[in-house]
Protein chains: 2
Amino acid sequence: MAKGISRQRIVQAALELLDEEGLEGVTARALAGRLGVRAPALYWHVASKQEILDEMATEVRRRMAFTLAAQPEPAGWREGLAAYARVIRAEYLLHRDGARTFSGARVTDPEVLRAQQLWMERWTRSGLELAHAATAVQLVTALVVGFVIEEQSIASTDRYLLTASDPAIAAEVPLVTAAGQHLVSDADQRFEDYLDVVLTGIAARVDAALPAD
Amino acid sequence: MAKGISRQRIVQAALELLDEEGLEGVTARALAGRLGVRAPALYWHVASKQEILDEMATEVRRRMAFTLAAQPEPAGWREGLAAYARVIRAEYLLHRDGARTFSGARVTDPEVLRAQQLWMERWTRSGLELAHAATAVQLVTALVVGFVIEEQSIASTDRYLLTASDPAIAAEVPLVTAAGQHLVSDADQRFEDYLDVVLTGIAARVDAALPAD
DNA sequence: ACCTGAACACCGTTCAAGT
DNA sequence: ACCTGAACACCGTTCAAGT
């Protein structure tokens, strides 16, 4: 272990701790232990635990931005939006309870905003006007966050599918049970399915606007 | 105050406490204080704080189910799905951090499942086949959860829109700033907007399947 | 059956003191 | 400049003891 801790090393260790122990395992003492110091030492580098959580979220958003920037220029806005959706889902999935933990966070890094600017430019360049691009990215973001939150909460719960676990009740609500089975099926495929529906909806709106241009 | 506490009164008080103080204000001691007892008394009625949180989520889901059941029979699946989306958003909005707190919860009440069965029947009756109904309700649910999480996290943060607060950076990322302004605008209207896009996407899929029937 | 008092092992955070 | 030891006011939870 290199001597001396830093803001960066604290955030890095906190992300590792999150993945290994879950959010409730990210305590000042555990974090300090992993870094070879005592808990109060952290407070020389950060003002509070909340600041650490904010930095963790910013770091995740930074990685999203980098991965997006490395993406090849999409053939059209539809491919670009799909790539965007897949990247942010993948980054959230990288961390335990990632969507729940990082979605609502306040990002404080100008670098992330500059990266956002980059692909907003791409989309408007590939035929989407600004109002549509803004709607589209926020809608797709909401979809990803909602989807991954459910995805990760199922993953972290044994006792989830009560429907399947209680045959007497399951028999009473056959449609819900059948729908629930549909839900357990491959998450990647379901995600692509939902994404396609949303992109089709956006396309319909874009097409409707085109003649008026 | 009626003498003696109960599971129900604990959950009711916990929901009030959540709205007044936020999730971190829902502590065993505060909860007990509100009920006129000491903290250990709670543990005669519930096994753990997690059980209280689960019950709170179940209660919210129960209210959603009741409100949905009271809804008039929709003219078609599209109106039915829109009504569904509006109801669950409204119930989440009723509680501070409602979406974040209750979305991933494990519902343990058969009553809620029976209510779900009811409107799944309605939708399949009004022209949506089961696979489409399952996709539709899960997609719309993901949208609502993702949307309201962002909606409520903006509401609970002063220092959110960094974009607007730092003119130097804002000037550097004009598209992001413009999109951000679009985001601050009326949430209800944005929600209806996104919902309409999603329903249009679902309609396209349903229409495509019809000829094949 | 239902509740209290005291206690246990934890939290995040502060602060004087050390180097 | 950076870290520790000791402490503070909190947590959730347990348990013997009271009624």
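The chains referred to below are lettered A, B, ... by the order of the sequence lines, with proteins before strands, and numbering in each begins at 1.
- As rounded to whole Å, 10 Å separates atom P of dA6(D) from atom CZ of R38(A).
- Look at CG on L35(A): it is 13 Å from C1' on dC3(D), rounded to the nearest Å.
- Separating the CD1 atom of I5(B) from the C1' atom of dC2(C) is a distance of 9 Å, rounded to the nearest angstrom.
- Between H45(A) and the phosphate of dC3(D), there is a side-chain N or O to OP1/OP2 separation shorter than 4.0 Å.
- Shown for residues 12-26 of chain A: no residue has heavy atoms falling under 4.0 angstrom of DNA chain D.
- Residue T27(A) places its side chain closer to dC11(C) than to any other of dC11(C), dA1(C), dC2(D).
- Protein atom CZ of R7(A) is 13 Å distant from nucleotide atom P of dC2(D), rounded to whole Å.
- For CD of Q8(A), the number of neighbouring non-hydrogen atoms (other residues, nucleotides, ligands) closer than 6.0 Å is 12 at most.
- Of the N and O atoms on the side chains of D193(A) and Q189(A), not one donor lies less than 3.5 Å from an acceptor on the other residue.
- Atom CD of E172(A) has more than 12 heavy atoms from other residues, nucleotides or ligands within 6.0 Å.
- Smallest separation of non-hydrogen atoms from H45(A) and S6(A): ND1-CA, 4.0 Å.
- Remark: R61(B) does not engage E91(B) in a salt bridge, criterion side-chain N to carboxylate O under 4.0 Å.
- Heavy-atom neighbours of R125(B) CZ from other residues, nucleotides or ligands within 6.0 Å: above the threshold of 12.
- Proximity of a side-chain donor or acceptor of R96(A) to a complementary backbone N or O of E20(A) within less than 3.5 Å is detected.
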Under 4.0 Å protein heavy-atom contact, by nucleotide of nucleotides 13-19 of chain C - B base, S sugar-phosphate only: BBB----

Test log, rule salt bridge (charged side-chain N to carboxylate O under 4.0 Å, His left out), inputs D109(B) and R114(B): CA-CA 9 Å; D109(B) 188 351; R114(B) 268 188 286 269; 5.7 Å; no

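- In DNA chain D, runs of at least 3 consecutive Watson-Crick or G-U pairs, each pair with both distances below 3.5 Å, span C:4-8 with D:12-16, C:12-16 with D:4-8.
- Note: CG (L31(A)) to P (dG12(C)) measures 9 Å, nearest angstrom.
- Of all heavy-atom pairs spanning I202(B) and V140(B), the tightest one is CD1-CG2, 4.4 Å.
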Go through Q138(B) and R190(A) one step at a time and tell me if the side chain to side chain contact (heavy atoms under 4.5 Å, CB included) criterion holds. CA-CA 10 Å; Q138(B) 287 157 14; R190(A) 275 178 61 228; 3.9 Å; yes

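- Taking both residues in full, the closest heavy atoms of V145(A) and A99(A) are given as O-CB, 4.2 Å, listed atom of the first, atom of the second, then distance.
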